[in-house]
Q: 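First the structure, which I've put down as structure tokens, then a few questions once you've had a look.
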Amino acid sequence: MENLKILLYPHPILKHKSKPIRKIDAELKEIVAAMFKLMYETDGIGLAANQVGLPYQLFVMNSSGDPEKPEDEHVFINPVIRKKKGKEEDEEGCLSFPEIHARVARPTEIELEGVSLDGQVRRFQWKGLPARAAQHEIDHLLGVSFVDRLSVTALAEIREQLWDLESQFATDCELGLTPSEEEIVMQIKALEEKRC
């Protein structure tokens with residue numbers, strides 16, 4: 001699992017709705033460890049499986065961003081937000097949208113439920129940054145990126161940066177550095193059949 005890398009917008013898997021995981025095994029634990037490693041290496045606080053090319057309902061998070069604080073690490077398999085409360089706008093960024101930041105409105109408090117790596121259902125009540133980060137990652141699993149939640153004005157402010165990423169992706173496809181959309185769809189289906 002050392003070969004995981006963060007996929008950048010507009011990679012098609014970022015729009016793909018992830019499937020529930022039906023099997024927790026040693027390989028999944030290796031995937032989680034590799035995702036945490038990559039998240040820390042890229043200075044992230046959360047990372048969804050589809051951001052590394054895996055179409056699974058899985059994300060890892062450490063809202064402190066500090067690998068020396070493993071007590072802040074969380075793994076969520078098949079996560080669901082059970083309750084939402086309040087609303088506030090704050091700045092967000094995303095590892096799949098490097099150096100792009102914008103203000104996003106989200107509920108301030110959530111009750112989150114998901115399965116941990118030991119197969120137990122866990123429930124958390126969070127507010128502030130942990131709540132925002134968890135909502136951001138769950139959006140990814142639903143095929144929604146933070147830019148999809150922006151106002152028309154906010155989106156216009158980052159449009160040029162998005163075009164740059166779109167242009168780079170098109171070039172990578174032309175050069176064969178990124179698989180074609182058809183190949184990506186086949187890869188996604190094969191991965192889903194394996195674990196979902």
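No hydrogens, no waters, no symmetry mates; every other heavy atom, side chains included, goes into these values.
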Q: Using the side-chain hydrogen bond (donor to acceptor under 3.5 Å, both in side chains) rule, collect all pairs that involve residues 102-113, keeping only residues at least two apart or in two chains.
A: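 For residues 102-113: Arg82-Glu113, Glu89-Arg103, Glu92-Arg106, Arg106-Asp139, Glu111-Arg123, Glu111-Gln125, Glu113-Arg123.
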Q: Quick one about Tyr9 and Gln161 (side-chain donor to acceptor, distance below 3.5 Å, no hydrogens or angles considered), yes or no?
A: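 Short answer, no.
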Q: Looking at every heavy atom in both Lys23 and Leu28, which two are closest together, and how far apart are they?
A: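 Closest heavy-atom pair between Lys23 and Leu28: O-CD2, 3.9 Å.
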Q: Nearest 0.5 Å, what's the CG-CD1 distance between Leu129 and Ile45?
A: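 The CG atom of Leu129 sits 4.0 Å away from the CD1 atom of Ile45.
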Q: Can you tell me how far the SG atom of Cys196 sits from the NZ atom of Lys189, to the nearest 0.5 Å?
A: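 It comes to 12.0 Å.
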Q: Is the ring pair Trp126/Phe124 parallel, tilted or perpendicular, if the boundaries are 30 and 60 degrees?
A: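 Rings of Trp126 and Phe124: parallel, under 30°.
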Q: Enter the distance from Phe169:CZ to Thr178:OG1 here, rounded to the nearest 0.5 Å.
A: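 Reported to 0.5 Å precision, the distance equals 5.5 Å.
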Q: Any chance the side chains of Asp164 and Gln168 put a donor and an acceptor closer than 3.5 Å?
A: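 Their side chains do not contain a donor-acceptor pair, so the 3.5 Å distance test is not met.
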Q: Measuring from Cys94:SG to Glu137:CD, what's the distance to the nearest 0.5 Å?
A: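 If we round to the nearest 0.5 Å, Cys94:SG and Glu137:CD are 7.0 Å apart.
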Q: Are there more than 12 heavy atoms of other residues, nucleotides or ligands under 6.0 Å from atom CD of Glu91?
A: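 Above 12, so yes.
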Q: Answer yes or no: are there more than 12 heavy-atom neighbours, outside Glu166 itself, under 6.0 Å from its atom CD?
A: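 Enclosed: over 12 neighbouring heavy atoms sit under 6.0 Å from CD of Glu166.
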Q: Could you work out, with side chain to side chain contact (heavy atoms under 4.5 Å, CB included) as the rule, every residue matching Pro55, not counting sequence neighbours?
A: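 Partners of Pro55 by the side chain to side chain contact (heavy atoms under 4.5 Å, CB included) criterion, ordered by chain and then number, come out as Ile13, His16, Ile188, Leu191, Glu192.
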Q: Determine the sole option in Leu7, Leu95, Leu141 for which the side chain to side chain contact (heavy atoms under 4.5 Å, CB included) test with Gln51 is passed.
A: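 So, applying the side chain to side chain contact (heavy atoms under 4.5 Å, CB included) to Gln51 and each of Leu7, Leu95, Leu141, only Leu95 qualifies.
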